[in-house]
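In what follows, a single structure is set out as structure tokens and then discussed.
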Amino acid sequence: MLLSRYLLPVMKETPADAQIVSHQMMLRAGLVRQTAAGIYAWLPLGLRVLNRIASVVRAEQDRAGAIEMLMPTIQSADLWRQSGRFDAYGPEMLRIKDRGGREMLYGPTNEEMITAIFRDCVKSYRDLPRTLYHIQWKFRDEVRPRFGVMRGREFLMKDAYSFDMDEAGGRASYDAMFTAYLRTFAALGLRAVPVRAPTGPIGGDLSHEFHILADTGESEVFFDSALDDVDLGDPDAPAKLRNLYAMEAEEHEKIADCPVPAERLAKRRGIEVGHIFFFGTKYSQAMGLQVQAKDGSQVTPLMGSYGVGVSRLMGAIIEASHDDAGIIWPESVSPFDIGLINLRVDDPACAAAAHALQAKLEAAGRTVLHDDRDARGGEKFATMDLIGLPWQIVVGPKGVAAGTVELKRRSSGEKHEASMESVMAKLTA
Ligand code: P5A
């Protein structure tokens with residue numbers, strides 16, 4: 001991709017209305033633009049990251065056996081009357097009337113819709129258990145949209161829904177998602193703490209939130225500092241993490257006898273990037289979902305729902321991974337693999353070398369953002385550091401004469417001169 005033909009509106013100044021570093025950097029690096037309170041347009045670079053985060057989330061859902069589908073954003077009020085939540089949901093729900101005066105809404109979540117679809121499609125125990133998911137936009141008319149995409153009104157969520165014949169099956173489906181969530185956040189370069197949570201308006205008796213520890217988080221979490229020592233690569237990590245104490249401050253304060261000794265109890269702020277629930281027959285019962293069991297009897301399936309804040313994750317990743325110069329993307333979600341800077345676009349030898357390198361890297365399957373603009377070196381370096389691609393290659397006249405380029409690792413700042421061949425070999429290995 002040539003930067004001279006791209007849309008990358010970077011800003012030098014920190015926008016005054018952005019309070020936290022991820023919001024500031026998302027605006028400065030040209031990832032998003034606000035179009036109304038809590039509503040954002042995803043600019044080309046931001047969309048690439050959003051799609052990559054969604055891909056990581058999708059891969060782990062698929063691995064856990066969940067099946068992808070897509071439900072609409074607009075729902076009918078009638079569905080929500082069947083569960084009794086239409087009135088209960090309150091002003092956070094954006095209510096709309098169509099031209100026939102029918103009451104509709106922009107979905108804040110999909111428990112009702114998936115229950116209705118499952119009720120219409122599935123009649124027998126043979127079709128259970130199933131976990132279905134989609135990655136779709138949601139709308140919640142939040143009282144205080146803030147911190148950019150962190151608490152938006154329109155936001156992208158992965159939401160999954162499990163259906164089981166019995167309690168044990170339902171808990172197994174919950175456990176599978178619990179593990180998938182830990183894998184997902186680890187694949188995004190994040191350390192997530194699972195926190196026992198109250199279930200709120202979604203309902204049920206078993207629920208965990210997943211928090212990324214960051215000073216700018218909206219919640220306060222108390223946890224057993226032994227959590228810090230768990231190796232996320234360990235196959236037993238999910239079981240270990242579940243047994244270690246972690247609670248949101250509000251819940252922690254209700255507990256008279258905290259099982260963790262004071263010297264091991266840590267308190268940090270967290271960003272909630274995921275939330276899972278097991279609520280049994282709450283929706284299936286209210287909405288008349290029944291399937292025939294093996295013995296011919298009718299059974300009301302048990303359900304759970306499992307959410308990941310896909311757009312919020314972009315903010316959380318930046319909070320966890322940046323320096324003064326800008327974002328440092330983990331390789332798994334970076335919008336391009338490599339930033340290629342040509343310092344002298346008017347020099348035919350430099351231009352030829354830079355274009356050739358871009359072509360070779362792209363042919364090897366790497367994504368490259370090639371800064372071929374007629375601009376000063378300092379500006380090009382600052383832009384590349386700000387947008388945070390993992391690798392930078394700098395092509396200049398001296399190097400081209402000697403057959404070398406400069407290679408820089410964004411995360412460490414480490415750089416060295418190397419032959420074009422060795423850079424190719426290193427970056428395409
Ligand atoms: C679980 C899936 C639910 O909605 N129903 C379907 C359940 N849970 S939740 O906790 O309310 O939301 C799931 C995740 O979505 C993200 N999220 C948000 N992201 C950005 N802006 C918002 N206003 C917003 N609200 C929720 C969070 O990551 C949350 O964990």
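One-based numbering, in listed order, for ligands and for the atoms of each.
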Where ligand 1 meets [X] - atom numbers and elements under 4.0 angstrom, heavy-atom basis:
{"X": "Tyr306", "answer": "1 (C), 2 (C)"}
{"X": "Val149", "answer": "20 (C)"}
{"X": "Val273", "answer": "28 (O), 30 (O)"}
{"X": "Asp159", "answer": "2 (C), 6 (C)"}

Using a 3.5 Å cut-off on N or O atoms only, is [X] in polar contact with ligand 1?
{"X": "His275", "value": "yes"}
{"X": "Gly152", "value": "yes"}
{"X": "Glu272", "value": "yes"}
{"X": "Arg151", "value": "no"}

His275/Phe210 under ring pair (Phe, Tyr, Trp, His ring centres under 6.0 Å): CA gap, chis, key distance, verdict:
CA-CA 6 Å; His275 198 162; Phe210 293 79; 8.9 Å; no

Counting only heavy atoms, which portion of Arg153 has something under 4.0 Å from ligand 1: side chain, backbone, both, or neither?
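Contact part for Arg153 vs ligand 1: neither.
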
Ligand 1 contact by [X], heavy-atom criterion under 4.0 angstrom:
{"X": "Tyr161", "value": "yes"}
{"X": "Gly274", "value": "yes"}
{"X": "Ile276", "value": "no"}

Between Tyr89 and Arg95, is there a cation-pi geometry (under 6.0 Å to ring centre, at most 45° from the normal)?
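No, Arg95 does not lie over the aromatic ring of Tyr89.
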
Yes or no on salt bridge (charged side-chain N to carboxylate O under 4.0 Å, His left out) for Arg85 and Glu92, after CA distance, side-chain angles and deciding distance?
CA-CA 12 Å; Arg85 276 209 298 183; Glu92 263 197 19; over 6 Å; no

Looking at non-hydrogen atoms alone, which of Arg140, Glu111, Lys138 comes nearest to atom 4 (O) of ligand 1?
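When every heavy atom of Arg140, Glu111, Lys138 is considered, Arg140 comes closest to atom 4 (O) of ligand 1.
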
Considering only heavy atoms, which of His211, Met157, Met150 lies nearest to atom 20 (C) of ligand 1?
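Result: the heavy atom closest to atom 20 (C) of ligand 1 is in Met150.
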
Would Tyr283 and Phe118 count as a ring pair (Phe, Tyr, Trp, His ring centres under 6.0 Å) if you check the C-alpha gap in whole Å, the side-chain angles of each, and the deciding distance to 0.1 Å?
CA-CA 11 Å; Tyr283 298 90; Phe118 206 79; over 10 Å; no

By the definition salt bridge (charged side-chain N to carboxylate O under 4.0 Å, His left out), identify the one residue from Arg410, Arg48, Arg366 that meets it with Asp337.
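When salt bridge (charged side-chain N to carboxylate O under 4.0 Å, His left out) is applied between Asp337 and each of Arg410, Arg48, Arg366, only Arg366 qualifies.
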
Count the heavy atoms belonging to other residues, nucleotides or ligands that lie under 6.0 Å from CD of Glu414, then report whether that count exceeds 12.
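At most 12 heavy atoms, drawn from other residues, nucleotides or ligands, come within 6.0 Å of this atom.
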
Applying side chain to side chain donor-acceptor pair (under 3.5 Å), name anything that partners Arg28, two or more places apart in sequence or on another chain.
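Partners of Arg28 by the side chain to side chain donor-acceptor pair (under 3.5 Å) criterion come out as none, since no residue qualifies.
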
Let me know which of Leu289, Thr131, Asp127, Val291 forms a side-chain contact (heavy atoms from CB on, under 4.5 Å) with Phe163.
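Going through the options one by one, the only one that passes is Leu289.
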
May I have the list of side-chain donor-acceptor pairs in residues 236-250 shorter than 3.5 Å, sequence neighbours left out?
unit_1: Lys240; atom_1: NZ; unit_2: Asp234; atom_2: OD2; d: 2.6
unit_1: Arg242; atom_1: NH1; unit_2: Asp175; atom_2: OD1; d: 2.2
unit_1: Asn243; atom_1: ND2; unit_2: Ala239; atom_2: O; d: 3.2
unit_1: Tyr245; atom_1: OH; unit_2: His252; atom_2: ND1; d: 2.8

